[in-house]
Amino acid sequence: MKTYAIATIPGDGIGKEVIPAGQQVLEQLAATSDRFRFDFENFDWGGDYYRAHGVMMPADGLDALLDKDAILFGSAGDPDIPDHITLWGLRLKICQGLDQYANVRPTRVLPGIDAPLKRCGPKDLDWVIVRENSEGEYSGVGGRVHQGHPIETATDVSIMTRAGVERILRHAFRLAASRPRKQLTVITKSNAQRHAMVMWDEIAAEVAREFPDVRWDKELVDAATARMVNRPATLDTIVATNLHADILSDLAAALAGSLGIAPTGNIDPERRYPSMFEPIHGSAFDIMGKGLANPIGTFWSVVMLLEHLGEDEAAARVMQAIEHVTANPALHTRDLGGQAGTATVTQAVCDYLAQTA
Ligand code: ATP
Ligand code: MG
């Protein structure tokens with residue numbers, strides 16, 4: 001029997017509702033498994049911690065995560081605290097500190113979900129977006145001078161290193177090779193950004209030689225948005241820079257039907273450090289504390305967490321339970337047009353897991 005050490009960081013807003021729901025699902029799995037148990041440690045970092053201590057997480061916080069097998073994260077964001085503090089002080093601090101350089105987002109139209117593209121069912125939209133998560137446009141390098149003057153100047157420097165680009169492209173090719181269609185689209189803006197983006201194209205061609213089984217093509221990011229809407233079935237695995245993939249993956253989540261469903265993994269493919277799994281939605285203060293949050297994005301993140309641990313069978317069971325729930329409109333939360341609450345959906349997933357154990 002294995003025991004996996006899992007850190008839970010609910011963070012802010014509805015993170016405090018969906019992360020306990022995710023833990024409940026993992027506990028339900030463990031209750032009937034003779035393979036594994038979970039040892040959870042909860043960290044109360046986020047906006048409330050900031051109000052009490054002046055920081056989003058303690059200075060030695062990363063050390064407390066190092067011996068974990070995985071991290072389940074909720075959301076960081078608080079209407080009373082500036083975004084750059086909530087974001088850089090917690091989530092990005094963990095992503096960068098643990099060098100989780102690959103942000104991976106599966107997107108699929110689940111059964112029973114009313115996706116905005118009417119011609120688009122589960123077979124037409126099945127993507128994984130790989131986002132560079134450690135450098136690029138969000139490197140944090142830049143500055144402002146002459147504030148308030150006519151000559152005021154500001155820069156955000158996008159940093160792309162050969163090592164950084166090579167490792168994310170290699171991860172994307174590897175992921176593409178592991179999927180049935182073995183297809184990768186490399187997205188850049190190399191017609192207008194003529195230095196780093198041209199380097200991406202060159203490195204993509206180099207790395208592609210290591211993966212002769214993968215069919216790959218290049219697309220400019222603007223054209224890619226149109227292709228996602230007009231020809232979704234022509235895409236499978238997608239890789240792009242930090243900024244480009246940030247935008248594309250929100251578009252992808254919306255096309256799949258709801259922000260409340262989509263999961264993401266912040267992965268260290270080399271497994272030097274624990275990886276972190278989280279729903280893509282934010283803290284959603286408008287619905288917090290009301291039991292209305294859709295927990296499916298967290299459950300799908302749990303699926304990714306289990307896959308990362310190598311527990312593929314358990315992961316597949318949770319995915320099946322999710323699809324069982326989404327297929328039933330009576331179990332849809334308000335964001336999906338239904339009436340069900342967080343607790344009802346969570347219980348339905350746990351019941352299904354208990355019945356199919
Ligand atoms: P943040 O500032 O942390 O990004 P936010 O308030 O912008 O948080 P988002 O997560 O970006 O919230 O979501 C936008 C809106 O979508 C929310 O205000 C909420 O109404 C809805 N929403 C998001 N996630 C969920 C969910 N899991 N269940 C139900 N509704 C959701
Ligand atoms: Mg938001």
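Residue indices begin at 1 and follow the sequence shown. Just so you know, ligand 1 is whichever comes first in the structure, and atom 1 is the first atom listed for that ligand.
Ion pair R167/D268 not flagged as a salt bridge, since none of the NZ, NE, NH1 or NH2 atoms sits closer than 4.0 Å to an Asp/Glu carboxylate oxygen. In summary, K2 and D69 do not engage in a salt bridge, as defined by a charged side-chain N under 4.0 Å from a carboxylate O. Ionic pairing of R51 and D78 is present here: one or more N-O contacts between side-chain nitrogen and carboxylate oxygen are shorter than 4.0 angstrom.
Close approach to G282 involves these atoms of ligand 1, each under 4.0 Å from a residue heavy atom: 1 (P), 3 (O), 4 (O), 8 (O), 9 (P), 10 (O), 11 (O). Using a 4.0 Å cut-off to heavy atoms of A284, the atoms of ligand 1 that qualify are 5 (P), 6 (O), 8 (O), 12 (O), 17 (C), 19 (C). Annotation for ligand 1: atoms under 4.0 Å from non-hydrogen atoms of D286 are 17 (C), 18 (O), 19 (C), 20 (O).
E270 and Y101 share a donor-acceptor pair across their side chains, judged by distance under 3.5 Å alone. A donor and an acceptor atom, one from each side chain of T161 and E135, are located under 3.5 Å apart.
Here D12 has no heavy atoms under 4.0 Å from ligand 1, in either its backbone or its side chain. Both the backbone and the side chain of N294 come within 4.0 Å of ligand 1, counting heavy atoms alone.
Under the 4.0 angstrom criterion for non-hydrogen atoms, T333 is not in contact with ligand 1. Between A293 and ligand 1 there is a heavy-atom distance shorter than 4.0 Å.
The salt bridge (Lys or Arg N to Asp or Glu O under 4.0 Å) search around E152 returns R144, not counting sequence neighbours.
Applying the ring-ring contact (aromatic ring centres under 6.0 Å, His included) definition to pairs two or more places apart or across chains, those involving residues 264-300 are F277-H308.
Residue D83 has no N or O atom closer than 3.5 Å to an N or O atom of ligand 1.
Relative to atom 8 (O) of ligand 1, the option among S75, P79, G260, S283 with the closest non-hydrogen atom is S283. Taking each of I287, T342, L87 in turn, the one with a heavy atom nearest to atom 31 (C) of ligand 1 proves to be I287.
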